[in-house]
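These notes concern the structure reproduced below.
Because the structure is a prediction, the values reported are computed rather than measured. Throughout, protein chains are lettered first and strands after them, A, B, ... in sequence-line order, and every chain is numbered starting at 1.
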There are 2 protein chains.
Amino acid sequence: MNPKKITIQDIADCANVSKSTVSRVLNNTTPVNDKKREAVLKAVKDLDFEPNSLASGLAGGNSMIIGVQTQKIGSPFYDLVTRGVIHCLTDTRYSPILVDGVWDKEIELKGIDTLLRRQIDGLIIIGGDIEKEQLLHLAAKKPLLLVGREVEGLQDRCLYVDNFDIGYQATKFLIELGHRQIVHITGIKSHQDSVRRLNGYLHALEEAKIPYDADLVYEGAFDGPSGVKAIDTVISRGKKFTAVFAANDMSAFGARLALYRHGIDVPDEVSLIGIDDQTEAPYMTPPMTSVRQPAFQMGVAAGNAMLDLLMNKEFELPKPSVQISVRESTAKVEK
Amino acid sequence: MNPKKITIQDIADCANVSKSTVSRVLNNTTPVNDKKREAVLKAVKDLDFEPNSLASGLAGGNSMIIGVQTQKIGSPFYDLVTRGVIHCLTDTRYSPILVDGVWDKEIELKGIDTLLRRQIDGLIIIGGDIEKEQLLHLAAKKPLLLVGREVEGLQDRCLYVDNFDIGYQATKFLIELGHRQIVHITGIKSHQDSVRRLNGYLHALEEAKIPYDADLVYEGAFDGPSGVKAIDTVISRGKKFTAVFAANDMSAFGARLALYRHGIDVPDEVSLIGIDDQTEAPYMTPPMTSVRQPAFQMGVAAGNAMLDLLMNKEFELPKPSVQISVRESTAKVEK
DNA sequence: CGGCGTCTTGAAACCGTTTTCATAAATATA
DNA sequence: TATATTTATGAAAACGGTTTCAAGACGCCG
């Protein structure tokens, strides 16, 4: 299976120079006589030489690998960020290694360990539950960037959207359309994000002097089935409502289906807004209004920031702004 | 940033044994005196030692990395396969490195090169356009698995669904519901898959003695906008049709939206079937019928097969079966 | 023409492991 | 009890690069 590996030594022999010179030519680290340089280059071509990254990583001290930890592979938002990172790293000399933390502190730490063993040059953690102290400790030994988290003491390393604001804006948007009975389907309550979005919702209600009704809030799980269940439950509670704000698009899709089942028209009877602005949102019937998070761009930004960080360049993480993609699932409330 | 790396030598010193013994303890490769073993283990704990994978990869000859090449990160099917692979590798000693080939022969080869440089122990290529000869050549030097491709000479290394059959089954399903004017929105025509699905469609028509009408076929691009355009186009051609078979769910979603815009009821006036059975399909209104490809499971299967392959165990790739998730976007044709 | 700084180059040390090899100790065999 | 095996262990040689170091070649100046 392995015919025989060509090493830098073979090139050296073939080009009648020393290993050192070959290395120098390959990395452009020191000027080399043109004739020798070309001899080396020719030998590289002729022998079809591929440098061994493990060896150069070991010798040079940098693996050219960036560790990326995501959560529950398959979640629209986190996947999209991850894709952004990977996309950004393509065409650089760095490669990403992915680990999934599945929102479980212990597994996350194990994953980080794996990455550290692999001598990653930098680490991008997307979401997750790892404690502040551990992150600080980690940041002390590896270039670290956090996406979708806000950690005290690491502000300049955090790239996140203001989830409170997302919840607030979405709710306010509905209120301004005249809605006052607004169902909120929350995310998984152990996630910071869910709580912040809920708080944003509460704040918007308060600001509009709309009394809070616990029966209108349902604890979902960021997925379709919980969206369905949410609507079924609220209806079975005998509650009237004219709008639904779901903590992400998947649960909004679930809600959409449940409303359809109950023969409730969207948006004539009930308005519906989600979060994420997934690719599919514009293709719902009617096209669904959603709060857009620039997830992919955030991934790219994190990737670029990491590259800068690794080159000791100044960098600044953008503060992504939240926009509502207004479509046809939301409408003014009928009087 | 790097206080001081603990190496195997430090452990050896601390435990009063040689490096060799430490290595042996760590890898359980040779029996070691219990006392020494424990001394080593204690030292590892005390000093918080993390072995350097680059070094062990170099010395031991296996990097414990599996290269995964996917195409156009963000495509539902390919992403899902990739996720399956990654999921399967979690909790093994292997880590995945991802590269995106973006369906471009040259970029794909460059990506493979990167992976080879990194001394991957195995390679899983999902989709892509790399020529048969190159793949054979590749398979000769690295354990190789192909997902979503069928390559002569590497049959036992290929995991794919029969795309002809998918096209055939989907079309036949519609025909059996009584449809005879069936629009087909194809995928990107340079992809093998698209052509096979189209051929399956043609075959089903032929079998049912339905004359082929080129005006009912629209070349799409596996995405939402092309689905919309397809319907608009066919309608503008003045064509009557009672069913639409889209080459994937995203284009089916586009078609769904276009039908909605044109005030055409699904499924009363037009039936709609897609391929992929994306997470979102059951939440369309009405829930969409789709041909299910077990993409995630295929990824897992590929991962497992790779693990077997690496341990020189026998393995067999499943021949994934195609099922139609029948929902409410398809109905018997009205007489 | 001798001395000095610069530039190019090869030899050798190093990166942190694994693995081979030889040796010393322990056990089994005769 | 002497000899043949087996076992545990350390020293040293890989693995395939990068980087330090010193030396040789070269040009420049006085």
Side-chain angles (χ1 to χ4, degrees), chain A residues 1-41 43-44 47-65 93 114 116-121, chain B residues 1-41 43-44 47-65 93 114 116-121:
Chain A
M1 185 133 254
N2 274 323
K4 72 213 157 268
K5 290 258 169 183
I6 307 279
T7 77
I8 204 178
Q9 182 66 63
D10 300 323
I11 303 297
D13 294 347
C14 173
N16 271 314
V17 297
S18 69
K19 295 196 311 179
S20 328
T21 303
V22 177
S23 171
R24 292 193 258 256
V25 170
L26 259 31
N27 302 306
N28 266 318
T29 123
T30 307
V32 163
N33 178 295
D34 271 350
K35 277 205 188 115
K36 303 203 175 187
R37 141 171 279 104
E38 282 178 20
V40 168
L41 260 21
V44 166
L47 302 187
D48 194 22
F49 170 68
E50 303 236 313
N52 179 328
S53 314
L54 295 181
S56 55
L58 180 59
N62 34 23
S63 61
M64 292 300 182
I65 292 182
R93 300 170 24 79
T114 309
L116 291 178
R117 276 192 165 70
R118 293 204 181 272
Q119 312 300 116
I120 49 168
D121 289 339
Chain B
M1 186 132 256
N2 275 325
K4 74 220 155 265
K5 291 257 169 182
I6 307 279
T7 78
I8 206 179
Q9 182 66 62
D10 299 322
I11 304 295
D13 293 348
C14 173
N16 271 313
V17 296
S18 70
K19 295 193 313 178
S20 329
T21 302
V22 177
S23 172
R24 293 195 255 256
V25 169
L26 260 30
N27 302 307
N28 266 317
T29 127
T30 305
V32 163
N33 178 296
D34 272 350
K35 279 208 186 111
K36 301 202 176 185
R37 143 171 276 105
E38 281 178 20
V40 168
L41 260 22
V44 167
L47 302 187
D48 193 23
F49 169 68
E50 304 236 314
N52 180 329
S53 316
L54 295 183
S56 54
L58 180 59
N62 34 23
S63 61
M64 293 298 174
I65 292 181
R93 299 167 30 75
T114 309
L116 290 178
R117 275 192 166 69
R118 293 204 181 273
Q119 312 300 118
I120 49 168
D121 289 339

Atom pairs, N/O to N/O, protein against nucleotides 20-22 of chain D, distance under 3.5 Å?
none

Validation row: A:V17, A:V32 side chains within 4.5 angstrom (heavy atoms): no
Go through residues 52-63 of chain B and report each residue with a non-hydrogen atom lying under 4.0 Å from DNA chain D, sorted by number. B:L58, B:A59
Separation of C:dG16 C1' from B:K5 NZ (nearest whole Å): 11 Å
Could you grab the distance from atom OG of A:S63 to atom CG of A:L58, nearest 0.5 Å is fine? 11.0 Å
What is the distance from CG of A:N16 to P of C:dG10, rounded to the nearest Å? 9 Å
In whole angstroms, the gap separating P of C:dG10 from CD of A:Q9 amounts to 11 Å
Separation of atom CD1 in A:I11 from atom P in D:dG17, rounded to whole Å: 9 Å
Shortest non-hydrogen contact from B:K19 toward B:I8: O-CD1, 3.9 Å
Residues of residues 26-36 of chain B with a heavy atom under 4.0 Å from any atom of DNA chain D, listed by number, are B:T30, B:P31, B:V32, B:N33, B:K36
Looking for any heavy atom pair under 4.0 Å, which part of the strands does A:T7 touch: base, sugar-phosphate only, or nothing? sugar-phosphate
Taking atom CG of A:L47 and atom CG of A:D13, what is their separation to the nearest 0.5 Å? 9.5 Å
For B:T21 and A:I6, find the nucleotide of DNA chain D closest to each by heavy atoms; which residue's nucleotide sits nearer the 5' end? B:T21
For the backbone of A:R24 and the side chain of A:T30, can you confirm whether one donor and one acceptor N or O come within less than 3.5 Å of each other? no
Side-chain heavy-atom pair B:N28, B:R37 within 4.5 angstrom cut-off: yes
Closest approach to the side chain of A:F49, judged atom by atom: which nucleotide of D:dT18, D:dG17, D:dG10 is it? D:dG17
Kindly determine whether A:V25 and A:L41 satisfy side-chain contact (heavy atoms from CB on, under 4.5 Å), including the steps that lead there. CA-CA 8 Å; A:V25 170; A:L41 260 21; 3.5 Å; yes
For A:E50 and D:dG16, what is the distance between atoms CD and P respectively, to the nearest whole Å? 14 Å
How long is the line joining CG of B:D13 and P of D:dG10, in whole Å? 12 Å
B:N33 and B:K35: which non-hydrogen atoms are nearest, and at how many Å? OD1-N, 2.7 Å
Think A:S23 has a side-chain N or O under 4.0 angstrom from the OP1 or OP2 of D:dG17? no
Restricting to non-hydrogen atoms, name the atom on A:E50 and the atom on B:R117 that form the minimum distance, rounded to 0.1 Å. OE1-N, 3.9 Å
Specify the closest pair of heavy atoms between B:S18 and B:A12, including all atoms of both residues, with the distance to one decimal. C-CB, 3.7 Å
Find out whether A:I65 and B:R118 are in side-chain contact, i.e. whether some heavy atom of one side chain is under 4.5 Å from a heavy atom of the other. yes
Can you measure A:R37 atom CZ to C:dG10 atom C1' for me and round it to whole angstrom units? 17 Å
